[in-house]
Structures are given as structure tokens and as C-alpha cells.
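Owing to the predicted nature of the structure, the values given are computational and were not obtained by experimental measurement. Reckoned from all heavy atoms, side chains included, excluding hydrogens, waters and symmetry mates.
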Number of protein chains: 2
Amino acid sequence: MNNNQQFEYLLKRHQLKRTEPRLRVLSLLSAKSVATSQPDLESVIGDVDRVTLYRILSAFEEKGIIHKVFDLNGTANYALCSSDCAEHDHHDEHLHFNCTSCKKVYCLDDLDVQPVKLPAGFKVETFSLSATGLCPKCNNKEA
Amino acid sequence: MNNNQQFEYLLKRHQLKRTEPRLRVLSLLSAKSVATSQPDLESVIGDVDRVTLYRILSAFEEKGIIHKVFDLNGTANYALCSSDCAEHDHHDEHLHFNCTSCKKVYCLDDLDVQPVKLPAGFKVETFSLSATGLCPKCNNKEA
DNA sequence: AATAAAATGCAATAATGTTGCATTTGCGGT
DNA sequence: ACCGCAAATGCAACATTATTGCATTTTATT
């Protein structure tokens, strides 16, 4: 099963129609290990309306196909959820690393994050740990 | 020493001039336990230019007087750093709780967050744990 | 009181995100 | 293979949040 077939299956599974723009978004996001900003997506996706892109992204987010994180500029970035995220309940307990230099957001899935006890009254849905600093690339450049 | 004197001292300590708009910002932020969004500040601060507000906030952020977090809408929210934050190095290792209903951001300072080991190459400056869910107020309303 | 540096206000503009509506398209049923 | 409907798209207009340049005012210091 190639990538494209996987994407089509993914759409079908979530009752989303198989459209060109959606396949492109999936293909773009799956190609990157860092979260991609809306503007970045917009600039590379080609002939797709800005509004359509917004709507695709929020549809995907609702279905649990992707998740959204904000970078240090406050702009939305998107990344595919790890494989089993859609089946169970959207668990984003991974670490987001925000690079202060290039502003990229890295999703580091396989670190275990200790859940923390909150004061009474708060009802927690998801946890996520985020760190800021320099990513390997920018760290090298500065050295 | 009353509040206002504290604020004036704080400004002086950071080589910032004592101005009316700055004192108002400090006073507004110190009165709240939740982070305040730029729009919220703008609407209550009175006769201060929008641009001035932005500049005050970023000046305060640079000096380590306040810190900035993004809420679930991606808009910037600001909160005073806890007392000793300015002296040492800006340590925001506290938990931010984002309410999915009212979109407020709560800063919960006194929970201990376990730092996590990152893959080699990343140079971490700050950690912060964030959780999403319902805050006590909204939790009550829904029940 | 005079001065220099800093802070403010205003105008213009940029970037990001949203809404309403007409048109097109995917896809299930026949 | 065709029909029809719901869903998705594209377009236009608009809303919100943030930034930049420059003239004016204010603070703090001498």
C-alpha cells in the first residue's frame, strides 16, 4: 500500500471525501517531521484557495488526523498525529520543541511525559510539554 | 510598600521609565491570576494607544517581567512572572492550563514539573507544561 | 531650566483568520 | 452509466491581531 492509498483510506475512515486539496495536505504534512505553519503550507500547496486550506485543516483537526500547535510567533502549525492517535482519544502527550531562532516546532513523540496532578476543579483533557531553545540545526549555526 | 511603589521599583530596576501606561499594565496584570490577552488588556486599559501597549508588553517580556503564552485561539496572553523570575534566568517551569470553553489561560506556579531529557543537539532554554480541559468555573457550568 | 534619550501616539500597512454564498464535485443509490 | 444530493471548493468581503516609520511628548539627569 503506497502513501496515496493510505491517505485515501484515512479520508474514507473519517468520512471525508477524497479530494485533491486534501490529498495534497496529507502528503505535505507526512513528508515533514516538524509541524508546518499555515503560511508555509499555503505557499507550497499550489492552486488551492486559502480558505479551503483553513477548512481542511480544521476538519482534519476535528477528526483527530492532525493536531495544531502554536509557534513562538503565535501562528498555527500543524502536524500529523502519530498513528494510533485517531483510534483512541487524541493523546498529544508528546513534547513540542519551539526553536527560538528558526521558530520551527518539532514534535518529539517518543519521550514519556509524566502527567501532573492539578488542583481540584480542573478537568484535564490533554497534556503537552513544550520546551523552547535552539534546535540542532540552529544550535550548530551559532556555534 | 504599596503596590504602586513596587511597580515603580520594578521599572527602575529594569531601566524602564516610570510612565502612566506602564504602571497601568503592571497594575492590571498583577490583579489577575490568569494570563490576560492583549485584546482584553486593550479594552480595559483606557486611553493608551494599541501600539504602545504592544511595545510595553514586548519590553516587559524582554526584561523578564512578564511572560507570554498563547491560548487555544493562538492569541497572546500575558502574565507577571513569579517573584524571583527576573533575578535569575526566566524560569517558566510552571503549568499553563488552557480552558477549552472560556479560552482562559491559568498559570499554576507551584506544581513541580519534571524536566525531560531531550535528544542530543537540542539546547533547551525553558520548559513548560501545558494542559487543556475545563477550568473549575466552566466545569461547574457544564455539570 | 535645559537637554538627550526614551516613550508615546498616529497613520498606514501587513499578516492571519473568518463568514456568506454561489458553483462545482465526489459518491452512493438506482 | 446516470442522477441527485450532500459536501467541498472558490471567491469576495470583512474581522482581528500585529508591525513599522515618523513626528511629538515625556521622563530623568545635569
Does the pair Glu20(B)/Arg24(B) count as a salt bridge with the N-to-O cut at 4.0 Å?
->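 Yes.
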Does a side-chain N or O from Thr19(A) land closer than 4.0 Å to OP1 or OP2 of dT25(C), or not?
->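 No.
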Would you kindly compare Asp49(B) and Thr75(A) by the position of their nearest DNA chain C nucleotide and give the one closer to the 5′ end?
->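 With Asp49(B) and Thr75(A) compared, the 5'-side residue is Asp49(B).
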Without decimals, in angstroms, what is the distance between [X] [atom1] and [N] [atom2]?
{"X": "Asn73(A)", "N": "dT16(D)", "atom1": "CG", "atom2": "P", "value": "22 Å"}
{"X": "Glu61(A)", "N": "dG17(C)", "atom1": "CD", "atom2": "P", "value": "12 Å"}
{"X": "Leu53(B)", "N": "dC10(C)", "atom1": "CG", "atom2": "P", "value": "14 Å"}
{"X": "Asn77(B)", "N": "dA18(D)", "atom1": "CG", "atom2": "C1'", "value": "15 Å"}
{"X": "Arg50(B)", "N": "dG21(D)", "atom1": "CZ", "atom2": "P", "value": "17 Å"}
{"X": "Phe60(A)", "N": "dA8(D)", "atom1": "CZ", "atom2": "C1'", "value": "12 Å"}
{"X": "Arg18(A)", "N": "dA6(D)", "atom1": "CZ", "atom2": "P", "value": "22 Å"}
{"X": "Glu20(B)", "N": "dT25(D)", "atom1": "CD", "atom2": "P", "value": "18 Å"}

Looking across every strand, which nucleic acid part, if any, lies under 4.0 Å from [X] by heavy atom: base, sugar-phosphate, or nothing?
{"X": "Arg22(A)", "result": "sugar-phosphate"}
{"X": "Arg55(B)", "result": "base"}
{"X": "Ala76(B)", "result": "sugar-phosphate"}

Backbone N/O of Leu134(B) and side chain of Ser101(B): donor-acceptor pair under 3.5 Å =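 No; judged by distance alone, with no hydrogens or angles, the pair does not exist.
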Among [options], which is the nearest nucleotide to the side chain of [X]?
{"X": "Thr52(A)", "options": "dA18(D), dG9(C), dG10(D)", "value": "dG10(D)"}
{"X": "Leu16(A)", "options": "dT19(D), dT18(C), dA8(D)", "value": "dA8(D)"}
{"X": "Lys17(B)", "options": "dG10(D), dT27(D), dT16(C)", "value": "dT27(D)"}

Hydrophobic cluster membership, Tyr106(A) vs Phe70(B), 4.5 Å side-chain cutoff |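 Tyr106(A) and Phe70(B): separate clusters.
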Start with the C-alpha gap between Thr36(B) and Asp40(B), add the side-chain angles, then the distance that decides, and say whether side-chain hydrogen bond (donor to acceptor under 3.5 Å, both in side chains) holds.
-> CA-CA 6 Å; Thr36(B) 313; Asp40(B) 274 7; over 6 Å; no
Using the side chain to side chain contact (heavy atoms under 4.5 Å, CB included) rule, take Lys104(B) and Cys135(B) through it: C-alpha gap first, then chi angles, then the decisive distance, then the call.
-> CA-CA 8 Å; Lys104(B) 281 200 173 56; Cys135(B) 73; 5.9 Å; no
